[in-house]
Student: 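Handing you a structure now.
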Amino acid sequence: MLLELSQVSASYGSVPALGNVSITVGEGEAVGLLGANGAGKSTTLRAISGLVRLTSGTITFDGAKLAALPPHKITELGIAHVPEGRQVFPEMSVQENLEIGSYAPRAKAERARSLALVYAIFPRLAERRGQLAGTMSGGEQQMLAVGRGLMLKPRLLMLDEPSLGLAPVMTDVTFEKIQEIHKLGTAILLVEQNVSRALTLVERAYVLESGRVIMQGQSAELAGNKDVQTAYLGI
Amino acid sequence: MLETLAQAVINGLLIGGIYALVSIGVTLIFGVVKIVNFAQGEFVMIGMYLSFFLATQFAVDPVVSLVITMPVLFSVGVLIQHFLIRRVLGQNDMPQIFLTFALSLLLVNLALMLFSANYRTVHTWYSDEALHLGGLYIPLAKLFAFALAMVLSAALWAFLHTTDLGKAMRAAAQNREVAQLMGINPNRVFCVALGVALALAGAAGSLLMPFYPAYPLVGQVFVLMAFVAVVLGTLGNILGALVASLMMGVAESLGIQFIGADSGLIVVFLMLLLTLALRPSGLAGGRAR
Ligand SMILES: Nc1ncnc2c1ncn2[C@@H]1O[C@H](COP(=O)(O)OP(=O)(O)O)[C@@H](O)[C@H]1O
Ligand SMILES: [Mg+2]
């Protein structure tokens with residue numbers, strides 16, 4: 001397994017946010033982490049990145065335990081986290097945002113090649129390379145956030161609600177790009193509330209509710225499941 | 001009259017360069033580390049005493065002694081971040097305010113104990129020299145100070161915009177959490193921010209030494225101006241701090257020239273109050289860079 005969470009619990013102060021979450025992502029696999037607002041999806045990604053400390057459980061990446069590592073060391077292992085709400089650096093240009101995406105030593109040497117790849121996948125970013133990131137549209141900022149994640153040459157790309165706040169057309173474009181990145185061999189952990197859309201992209205998925213995994217399975221299986229249909233697909 | 005005005009503006013710009021070195025340091029620390037360094041003026045004082053001793057003991061010209069005061073104060077900044085400020089980050093405001101405030105008092109009193117309250121001056125070959133342009137009078141020591149202050153400011157700007165470490169500092173200033181996701185070690189970046197800010201304060205000290213006396217409380221003159229410039233120039237904005245510092249130097253000088261010798265600071269603080277009332281986010285407006 002590339003990534004393995006085993007019985008992970010975490011809390012904000014005394015308020016528990018995750019309870020015994022166990023999920024895995026295989027090498028090159030695309031996995032979904034689905035659920036309603038407040039289910040604990042972002043907290044799960046933040047726990048993996050080291051931004052939230054575990055109260056119990058273990059996380060391993062390629063066999064190495066992540067628990068004691070600070071966030072910047074976890075990034076260095078090749079885990080890119082594209083945060084919820086895009087969070088590009090607003091006062092830096094598009095190109096500077098991308099460059100800083102390859103700040104980690106593992107990615108720095110490959111910067112020129114990564115930049116060319118990102119610009120090939122997102123030609124729009126190439127057109128806007130000199131523009132301040134904060135002045136771009138939401139869809140463009142999302143492309144930049146994903147592109148910035150790719151600059152790490154990640155082994156695992158974690159995306160937190162990339163469709164959040166985007167027009168349906170932009171959502172389609174974003175999912176096509178993610179599909180394209182996945183086809184290049186990058187493992188993906190996709191967090192989404194847009195369950196139907198996410199299930200077309202990932203191979204497997206977990207459903208979170210109140211910080212616990214309540215369901216898991218192959219995408220087709222989940223899409224056909226009655227409970228999933230009524231709770232998340234509006235069928 | 002016109003000549004008097006031009007002379008006052010020049011005097012103001014020349015000293016404004018020194019204010020800029022101090023205020024850029026304050027705004028850099030605030031922008032990146034998110035703390036207010038009340039002790040910034042004391043590092044100017046340390047820079048001055050260091051230059052004073054290098055000049056009197058080893059005959060090093062104060063301006064040349066930059067190459068010593070800057071690295072020494074850079075190291076002091078790194079140590080202060082690593083061993084003091086790091087401990088209070090992430091706590092509420094009070095420990096942070098008290099930490100740098102206590103540091104300021106400690107350094108002033110140490111200086112009083114070690115060097116007494118006497119004024120110390122260094123006389124160089126250019127201390128009494130000046131350029132005469134038309135009817136204008138440009139003291140050489142102040143011209144050197146201004147020129148080097150501008151060079152150092154430009155160098156900082158280039159560092160922040162062209163190097164990876166500089167970009168990492170800007171990224172951390174804009175979004176600390178996401179900066180960590182980029183592989184940036186926040187403490188490392190904060191150490192560099194403190195180091196650079198203190199190095200600039202040290203440079204200000206060295207550049208002042210040929211025309212300004214060193215004494216334990218000298219930092220307070222400059223830190224006051226720096227704080228006003230930092231607010232006027234929008235907190236965290238380096239270019240804003242630079243422009244505001246020059247403006248304040250000029251305002252102070254015009255006040256002294258046309259209102260009276262004691263009016264310089266009154267004019268400066270009037271500017272601050274007006275700005276806060278009319279444009280609370282500073283003249284540059286918007287957000288930190
Ligand atoms: N910074 C925080 N402080 C306190 N509680 C938080 C914080 N972030 C999230 N929570 C709580 O943790 C739970 C899980 O949140 P989150 O992981 O953001 O959910 P999701 O991403 O699935 O919408 C929610 O109940 C939320 O209110
Ligand atoms: Mg979320």
Side-chain angles (χ1 to χ4, degrees), chain A residues 42 45-46 48-52 69-93 95-109 111 130 132-135 141 144-145 147-154 156-160, chain B residues 27-28 30-34 81-82 86-87 89-92 156-193 233-241 281-282 284-289:
Chain A
S42 297
L45 294 197
R46 294 165 61 80
I48 297 167
S49 292
L51 294 172
V52 167
L69 295 179
H72 64 272
K73 290 263 172 62
I74 292 175
T75 302
E76 175 61 27
L77 297 175
I79 301 180
H81 181 167
V82 180
E84 185 176 315
R86 316 180 236 297
Q87 305 204 44
V88 295
F89 298 111
E91 302 283 341
M92 296 172 88
S93 71
Q95 175 128 352
E96 285 178 321
N97 266 273
L98 294 175
E99 285 166 357
I100 215 70
S102 58
Y103 180 83
R106 78 187 303 276
K108 199 169 285 190
R111 180 173 290 168
L132 283 188
T135 65
Q141 289 192 16
L144 179 55
R148 187 180 62 181
L150 268 187
M151 291 297 294
L152 183 68
K153 292 184 67 76
L156 172 66
L157 179 64
M158 306 197 296
L159 301 149
D160 197 341
Chain B
T27 218
L28 182 69
F30 183 83
V32 177
V33 194
K34 314 292 181 213
Q81 163 61 31
H82 193 78
R86 191 161 67 106
R87 318 261 168 207
L89 289 181
Q91 305 199 16
N92 61 28
L156 174 63
W157 200 89
F159 166 70
L160 290 173
H161 286 83
T162 62
T163 69
D164 259 27
L165 188 54
K167 287 175 196 171
M169 280 172 73
R170 286 164 61 216
Q174 290 169 37
N175 191 329
R176 184 178 297 183
E177 188 169 284
V178 174
Q180 295 181 62
L181 296 180
M182 303 294 116
I184 294 166
N185 177 352
N187 185 48
R188 185 171 132 84
V189 167
F190 297 169
C191 282
V192 176
T234 301
L235 289 167
N237 186 326
I238 287 172
L239 208 58
S281 63
R287 48 189 311 144
R289 279 156 206 261

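A note on names: the letters A, B, ... follow the listed sequences, proteins ahead of strands, and every chain is numbered from 1.
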Student: Heavy-atom distances under 4.5 Å only: say whether A:Q87 touches chain B with side chain, backbone, both or neither.
Tutor: both

Student: Between CE of A:M92 and CG of B:N175, what distance do you get to the nearest 0.5 Å?
Tutor: 11.5 Å

Student: If you count heavy-atom pairs under 4.5 Å with chain A, which of B:P186, B:A171, B:A179 comes out on top?
Tutor: B:A171

Student: Flag the pair B:V178 / A:V88 as yes when at least one side-chain heavy-atom distance between them is below 4.5 Å, and no otherwise.
Tutor: no

Student: Looking at A:E76, A:E96, A:R106, which one has more heavy-atom pairs under 4.5 Å with chain B than the rest?
Tutor: A:E96

Student: Tell me every residue that passes salt bridge (Lys or Arg N to Asp or Glu O under 4.0 Å) with A:R46, counting only those two or more places apart in sequence or in another chain.
Tutor: B:E177

Student: Does a salt bridge link B:K167 with A:E99, judged by any charged N lying under 4.0 Å from a carboxylate O?
Tutor: yes

Student: Do the side chains of B:M182 and A:M151 get nearer than 4.5 Å, heavy atoms only?
Tutor: no

Student: More than 12 heavy atoms of other residues, nucleotides or ligands under 6.0 Å from CZ of B:R188: is that the case?
Tutor: no

Student: Are A:I100 and B:I184 packed together at the side-chain level, in the sense that at least one heavy-atom pair is separated by less than 4.5 angstrom?
Tutor: yes

Student: Which atoms of A:P70 are under 4.5 Å from chain B, going by heavy atoms: the side chain, the backbone, both sets, or neither?
Tutor: neither

Student: Given heavy-atom pairs under 4.5 angstrom as the criterion, report whether the side chain, backbone, both or neither of A:K108 touches chain B.
Tutor: side chain

Student: Could you check if a side-chain atom of A:H72 sits within less than 4.5 angstrom of a side-chain atom of B:N187, using non-hydrogen atoms only?
Tutor: no

Student: So, applying side chain to side chain contact (heavy atoms under 4.5 Å, CB included) with B:L181, which one of A:I79, A:L51, A:I74, A:V82 is it?
Tutor: A:L51

Student: Which bit of A:R148 is near chain B, if near means a heavy-atom gap under 4.5 Å: side chain, backbone, both or neither?
Tutor: side chain

Student: Out of A:A107, A:A104, A:P71, A:S49, which one racks up the most heavy-atom pairs below 4.5 Å with chain B?
Tutor: A:P71

Student: My understanding is that only residues two or more places apart in sequence, or in another chain, count here; which of them pass side chain to side chain contact (heavy atoms under 4.5 Å, CB included) with A:T75?
Tutor: A:L152

Student: Can you tell me how far the OH atom of A:Y103 sits from the CG atom of B:L165, to the nearest 0.5 Å?
Tutor: 5.0 Å

